[in-house]
Enquirer: 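Okay, handing you the structure first.
For ligands, and for the atoms within them, numbers begin at 1 and follow the listed sequence. Source: prediction; values computed, not measured.
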Amino acid sequence: MIKLVNNHHIYKKLRDITSEENVMMDEYLKNYMYTRLGGKADFFVTPANIEEVQQVVKLANQVGIPFTLLGNGSNLIIRDGGIRGIVMSLKRFRSIRREGNSIIAESGARIIDASRKALEERLTGLEFACGIPGTVGGALFMNAGAYGGEVKNCLRSAVVVNREGEVLTLSADELDLGYRTSNIPDKGYIVLEATFDLKPGNYREIKAVVDDLTHKRESKQPLEYPSCGSVFKRPPGYFAGKLIQDSGLQGKGVGGAEVSTKHAGFIVNKDNATATDYIRVITMVQETVKEKFGVELEREVKILGED
Ligand SMILES: Cc1cc2nc3c(=O)[nH]c(=O)nc-3n(C[C@H](O)[C@H](O)[C@H](O)COP(=O)(O)OP(=O)(O)OC[C@H]3O[C@@H](n4cnc5c(N)ncnc54)[C@H](O)[C@@H]3O)c2cc1C
Ligand SMILES: NC(=O)C1=CN([C@@H]2O[C@H](COP(=O)(O)OP(=O)(O)OC[C@H]3O[C@@H](n4cnc5c(N)ncnc54)[C@H](OP(=O)(O)O)[C@@H]3O)[C@@H](O)[C@H]2O)C=CC1
Ligand SMILES: C=C(O[C@H]1[C@H](O)[C@@H](CO)O[C@H](OP(=O)(O)OP(=O)(O)OC[C@H]2O[C@@H](n3ccc(=O)[nH]c3=O)[C@H](O)[C@@H]2O)[C@@H]1NC(C)=O)C(=O)O
């Protein structure tokens with residue numbers, strides 16, 4: 001698709017919707033991605049309120065240009081050619097509050113911060129999320145989970161904007177959450193807010209769980225480098241990391257990207273990798289594991305954009 005960067009008509013329309021500092025043209029996305037990978041967006045928009053989100057969706061529909069949503073880029077690889085059309089970040093939607101025994105978090109807030117708020121409020125149920133470096137929106141999209149917990153177990157409802165730009169409140173069941181899946185991509189929902197149903201707990205007990213999970217994660221995962229976490233899902237009956245380690249791939253890489261020597265299920269951006277390097281490593285791992293063990297590794301991470 002041709003670049004829309006010089007389309008001042010769209011730029012002006014976006015600036016009519018939100019203020020000037022919330023609209024950028026030809027903006028490098030790697031700066032917004034936990035992976036530190038990815039090319040430029042034609043338009044990068046950070047709306048300030050729900051009405052602006054609705055208007056951006058309606059504009060993309062009217063002018064017929066693609067629309068893409070970013071969270072914290074911790075499960076997403078954007079190719080080096082970047083993304084055509086409008087890319088939206090909800091990083092201005094960050095509030096987290098308590099209501100009764102629920103934590104209500106806007107979608108651009110970090111799920112780590114929602115977990116921390118639950119601890120401060122002595123509410124139990126979000127401990128599993130204490131080390132997942134994504135936003136609340138990304139966590140719902142992926143049904144993020146760790147150490148036996150997952151979003152599905154504590155989500156009550158979500159406020160979303162649909163493809164037509166309407167605001168809806170959906171129950172957790174309506175999002176059809178499974179192992180690292182939801183129907184959010186199929187339906188094209190933009191998550192604005194999530195309500196997590198928790199239970200009153202004891203501060204020291206909640207803190208002890210958080211400390212234990214943090215220790216486990218720090219000892220196993222290469223948190224010192226940018227990455228997108230587990231690149232592959234657990235294949236039924238196997239662990240991706242073990243298969244990759246047993247294939248002798250740790251430390252192998254392309255350009256600045258390599259299979260982590262600490263956890264083979266992670267590919268780290270060790271030294272200014274390009275998305276092309278990173279994707280080549282993914283393919284090399286899939287081909288090698290298939291050849292050695294006959295197992296197809298299914299990607300957990302999403303890949304978007306153009307070469
Ligand atoms: C060090 C590390 C550890 C990790 N550990 C875990 C773990 O233990 N468990 C786990 O499940 N994951 C883990 N991950 C992966 C990742 O953090 C999660 O998948 C997280 O939920 C992704 O959130 P994000 O905001 O970064 O989403 P992004 O990567 O930015 O986006 C992922 C998808 O969600 C969509 N999306 C983002 N926001 C919204 C929204 N508001 N509405 C609709 N769609 C949206 C995007 O369009 C994209 O398709 C880890 C990653 C890293 C780097
Ligand atoms: N990604 C990486 O390369 C790696 C990061 N780390 C460490 O992991 C931690 C997380 O890193 P990373 O996620 O990349 O970066 P940060 O979480 O520090 O910030 C990412 C973006 O999120 C926005 N932000 C800041 N505070 C909040 C908030 N409360 N809620 C929602 N959004 C917020 C900021 O936007 P704005 O600037 O507009 O406020 C910033 O651009 C950091 O301590 C980092 O040092 C470790 C290894 C690699
Ligand atoms: C990081 C993510 O989530 C993580 C989540 O943090 C952890 C903890 O619950 O469990 C999953 O990792 P995982 O399957 O690699 O779990 P781990 O406990 O680290 O490893 C599983 C098994 O593989 C072995 N293992 C792991 C890495 C390695 O290099 N070699 C190896 O042999 C471990 O010893 C263990 O016996 C999630 N990944 C998936 C795809 O389900 C993510 O989704 O991005």
Side-chain angles (χ1 to χ4, degrees), residues 29 32-38 47 53 67-78 83 87-91 93 105-112 128-152 158-162 175 177 179-194 213-214 216-235 238-247 249-251 259-269 297-305:
L29 294 175
Y32 302 94
M33 308 286 293
Y34 190 91
T35 53
R36 302 290 182 261
L37 299 171
V53 174
F67 168 84
T68 307
L69 204 58
L70 286 192
N72 195 32
S74 65
N75 202 57
L76 186 59
I77 295 159
I78 292 173
I83 298 189
V87 175
M88 185 193 277
S89 159
L90 296 177
K91 66 188 198 131
F93 291 64
E106 288 189 311
S107 61
R110 286 179 288 207
I111 190 92
I112 289 177
F128 76 90
C130 65
I132 301 178
T135 62
V136 167
L140 265 58
F141 183 104
M142 294 302 300
N143 183 27
Y147 304 106
E150 58 179 355
V151 164
K152 187 181 180 175
V159 178
V160 305
V161 167
N162 69 10
L175 294 179
L177 302 173
Y179 173 50
R180 300 294 193 270
T181 62
S182 68
N183 66 10
I184 295 173
D186 299 338
K187 302 278 188 182
Y189 294 139
I190 299 170
V191 178
L192 295 176
E193 189 178 271
L213 299 187
T214 304
K216 285 199 171 98
R217 192 180 283 275
E218 285 173 353
S219 64
K220 281 191 167 178
Q221 301 184 354
L223 307 179
E224 62 279 26
Y225 295 114
S227 77
C228 51
S230 296
V231 177
F232 307 101
K233 295 185 182 185
R234 285 182 175 172
Y238 299 93
F239 293 115
K242 179 153 173 43
L243 290 169
I244 300 166
Q245 179 176 7
D246 292 349
S247 300
L249 289 168
Q250 284 182 293
V259 176
S260 165
T261 49
K262 189 167 178 187
H263 189 306
F266 284 55
I267 296 172
V268 290
N269 177 355
L297 289 179
E298 185 195 342
R299 260 197 289 111
E300 174 187 303
V301 305
K302 313 284 161 211
I303 301 181
L304 297 177

Enquirer: Would you mind reporting whether Tyr32 and Ile78 have side-chain heavy atoms less than 4.5 Å apart?
Expert: no
Enquirer: Write out the residue and atom name of the closest protein heavy atom to atom 34 (O) of ligand 1, then the distance separating them to 0.1 Å.
Expert: Phe141 CG, 3.2 Å
Enquirer: Which one of Arg217, Gln221, Lys302 has a non-hydrogen atom at the shortest distance from atom 6 (C) of ligand 1?
Expert: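 Comparing heavy atoms across Arg217, Gln221, Lys302, the nearest one to atom 6 (C) of ligand 1 lies in Arg217.
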Enquirer: Any idea which atoms of ligand 1 are less than 4.0 Å away from a heavy-atom of Ile190?
Expert: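 The atoms of ligand 1 under 4.0 Å from a heavy atom of Ile190 are 42 (N).
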Enquirer: Going by heavy atoms in the side chains, are Asn75 and Phe141 under 4.5 Å from each other?
Expert: no
Enquirer: Considering only the protein, which heavy-atom contact is closest to atom 47 (O) of ligand 1, and what is its distance?
Expert: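 Ranking protein heavy atoms by distance from atom 47 (O) of ligand 1, first comes Leu69 O, 2.7 Å.
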Enquirer: Just so I know, are the side chains of Glu224 and Val268 near enough to count as touching, which here means a heavy-atom distance under 4.5 Å?
Expert: no
Enquirer: Which atoms form the tightest heavy-atom contact between Val191 and Leu90, and what is the distance?
Expert: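 Shortest heavy-atom separation between Val191 and Leu90 comes out as O-CD1, 3.4 Å.
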Enquirer: Select one of side chain, backbone, both or neither to describe which atoms of Pro185 lie under 4.0 Å from any atom of ligand 1, heavy atoms only.
Expert: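 The answer is neither.
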Enquirer: Going by the order shown, which atoms of ligand 1 are within less than 4.0 Å of some heavy atom of Tyr34?
Expert: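 This gives 53 (C) as the contact atoms.
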Enquirer: More than 12 foreign heavy atoms under 6.0 Å from OH of Tyr238: is that the case here?
Expert: no
Enquirer: Which atom names give the shortest non-hydrogen contact between Leu213 and Phe128, and what distance separates them?
Expert: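 In this case the closest contact between Leu213 and Phe128 is CD1-CA, 3.8 Å.
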Enquirer: Looking at every non-hydrogen atom in both residues, tell me the closest pair between Ile112 and Pro133 and how far apart they are.
Expert: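 Shortest heavy-atom contact: CD1-CA, 3.9 Å.
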Enquirer: Between Met33 and ligand 1, which residue portion shows a heavy-atom distance shorter than 4.0 Å: side chain, backbone, both, or neither?
Expert: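 Neither part.
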Enquirer: Only counting residues at least two apart or in another chain, list the ones meeting salt bridge (Lys or Arg N to Asp or Glu O under 4.0 Å) with Glu300.
Expert: Arg180
Enquirer: Any idea which protein heavy atom is nearest atom 42 (N) of ligand 1, and the distance to it?
Expert: Val191 N, 2.8 Å
Enquirer: Which of these, Leu76, Leu140, Ile132, Thr68, has its nearest heavy atom closest to atom 18 (C) of ligand 1?
Expert: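 Going through Leu76, Leu140, Ile132, Thr68 one by one, Ile132 has the nearest heavy atom to atom 18 (C) of ligand 1.
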Enquirer: Which of the numbered atoms in ligand 1 are below 4.0 angstrom from a heavy atom of Ala146?
Expert: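 It comes down to these atoms of ligand 1: 8 (O).
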Enquirer: For Phe266, check ring pair (Phe, Tyr, Trp, His ring centres under 6.0 Å) against everything at least two apart and list the hits.
Expert: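 Once residues adjacent in sequence are excluded, the partners of Phe266 under the ring pair (Phe, Tyr, Trp, His ring centres under 6.0 Å) criterion are His263.
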Enquirer: Taking 4.0 angstrom as the limit and counting only heavy atoms of Ser227, give me the atoms of ligand 1 inside it, by number and element.
Expert: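 Taking each heavy atom of Ser227 in turn, ligand 1 has 53 (C) under 4.0 Å.
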Enquirer: Could you check atom 22 (C) of ligand 1 against the protein and tell me its nearest heavy-atom contact, residue, atom and distance included?
Expert: Ser74 OG, 3.4 Å
Enquirer: Can you tell me if NZ on Lys152 sees more than 12 non-hydrogen neighbours from other groups inside 6.0 Å?
Expert: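 Not buried by this count: 12 neighbours or fewer within 6.0 Å.
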Enquirer: Return the minimal non-hydrogen interatomic distance between Val301 and Ser230, and the atom names on each side.
Expert: CG1-O, 3.8 Å
Enquirer: To check your reading of the model: name the closest protein heavy atom to atom 28 (P) of ligand 1, its residue, and the distance in Å.
Expert: Gly73 N, 3.6 Å
Enquirer: So Met142 and Leu76, do their side chains get closer than 4.5 Å, heavy atoms only?
Expert: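 The answer is no; the side chains never approach within 4.5 Å.
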Enquirer: Answer yes or no: does an N/O atom from Ile184 fall short of 3.5 Å to an N/O atom of ligand 1?
Expert: no
Enquirer: Checking the N or O distance criterion of under 3.5 Å, is ligand 1 in contact with Asn143?
Expert: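 Looking only at distances, the answer is no, because the N/O contact criterion of under 3.5 Å is not met.
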Enquirer: List ligand 1 atoms under 4.0 Å from Thr135, heavy atoms only on the residue side.
Expert: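 Per the distance check, 23 (O), 24 (P), 25 (O).
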Enquirer: So, for Leu297 and Ala240, which heavy atoms are closest and what is the spacing to 0.1 Å?
Expert: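 Taking Leu297 first and Ala240 second, the nearest heavy atoms are CD2-CB, 4.1 Å.
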Enquirer: Looking only at atom types and distance, does a side-chain atom of Asn269 sit under 3.5 Å from a main-chain N or O of Pro226, one as donor and one as acceptor?
Expert: no
Enquirer: Under 4.0 Å from a heavy atom of Leu223: which atoms of ligand 1 are those, numbered in the order shown and with their elements?
Expert: 1 (C)
Enquirer: Please give me the minimum heavy-atom distance between Ala158 and Leu140, naming the atom from each residue.
Expert: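 What the structure gives for the nearest pair is CB-CD2, 3.8 Å.
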Enquirer: Around atom 32 (C) of ligand 1, find the nearest protein heavy atom and jot down its residue, atom name and distance.
Expert: Asn75 CB, 4.4 Å
Enquirer: Applying a 4.0 Å heavy-atom criterion (strictly less than), which segment of Leu304 is in contact with ligand 1: side chain, backbone, both, or neither?
Expert: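 For Leu304, there is no contact with ligand 1 at all, from either part.
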Enquirer: Please could you name the atoms of ligand 1 that Gly229 approaches to less than 4.0 Å, counting only its heavy atoms?
Expert: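 Close to Gly229: 2 (C), 50 (C), 51 (C), 52 (C), 53 (C).
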Enquirer: When you measure from atom 24 (P) of ligand 1 to every protein heavy atom, which one gives the shortest distance, and what is it?
Expert: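 Residue, atom and distance for the closest contact: Asn72 N, 3.4 Å.
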Enquirer: Tell me which one of Ser182, Gly134, Gly138 gets a heavy atom nearest to atom 21 (O) of ligand 1.
Expert: Gly138
Enquirer: Return the set of residues passing side-chain contact (heavy atoms from CB on, under 4.5 Å) with Asn183 (not counting sequence neighbours), or none when no residue passes.
Expert: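 Partners of Asn183 by the side-chain contact (heavy atoms from CB on, under 4.5 Å) criterion, ordered by chain and then number, come out as Leu175, Asp176, Lys187, Tyr189.
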Enquirer: Find all protein N or O atoms under 3.5 angstrom from an N or O atom of ligand 3 and list the pairs with distances, or write 'none'.
Expert:
unit_1	atom_1	unit_2	atom_2	d
ligand 3	3 (O)	Arg180	NH2	3.1
ligand 3	6 (O)	Gln221	NE2	3.1
ligand 3	9 (O)	Tyr147	N	2.7
ligand 3	10 (O)	Arg234	NH2	3.3
ligand 3	14 (O)	Arg234	NE	2.5
ligand 3	14 (O)	Arg234	NH2	3.2
ligand 3	15 (O)	His263	NE2	3.0
ligand 3	16 (O)	Arg234	NH2	3.1
ligand 3	18 (O)	Lys220	NZ	3.1
ligand 3	19 (O)	His263	NE2	2.8
ligand 3	29 (O)	Ala264	N	2.8
ligand 3	30 (N)	Gln245	OE1	2.6
ligand 3	32 (O)	Gln245	OE1	3.3
ligand 3	38 (N)	Ser230	OG	3.0
ligand 3	41 (O)	Tyr179	OH	2.7
ligand 3	41 (O)	Arg180	NH2	3.4
ligand 3	43 (O)	Arg180	NE	3.1
ligand 3	43 (O)	Arg180	NH2	3.0
ligand 3	43 (O)	Glu300	OE1	2.9
ligand 3	43 (O)	Glu300	OE2	2.9
ligand 3	44 (O)	Ser230	N	2.9
ligand 3	44 (O)	Glu300	OE2	3.2

Enquirer: By number and element, which atoms of ligand 1 are closer than 4.0 Å to a non-hydrogen atom of Tyr189?
Expert: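 Listed by number with element, the hits are 43 (C).
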Enquirer: Sub-3.5 Å donor-acceptor pair from the side chain of Lys91 to the main-chain atoms of Gly108, do we have one?
Expert: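 Such a contact is absent between Lys91 side chain and Gly108 backbone.
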Enquirer: Looking only at protein heavy atoms, which one is nearest to atom 9 (N) of ligand 1, and what is the separation?
Expert: Gly145 O, 2.6 Å
Enquirer: Is it the case that the side chain of Ser182 and the backbone of Ile184 share a donor-acceptor pair, with hydrogens and angles ignored and the cut-off at 3.5 Å?
Expert: yes
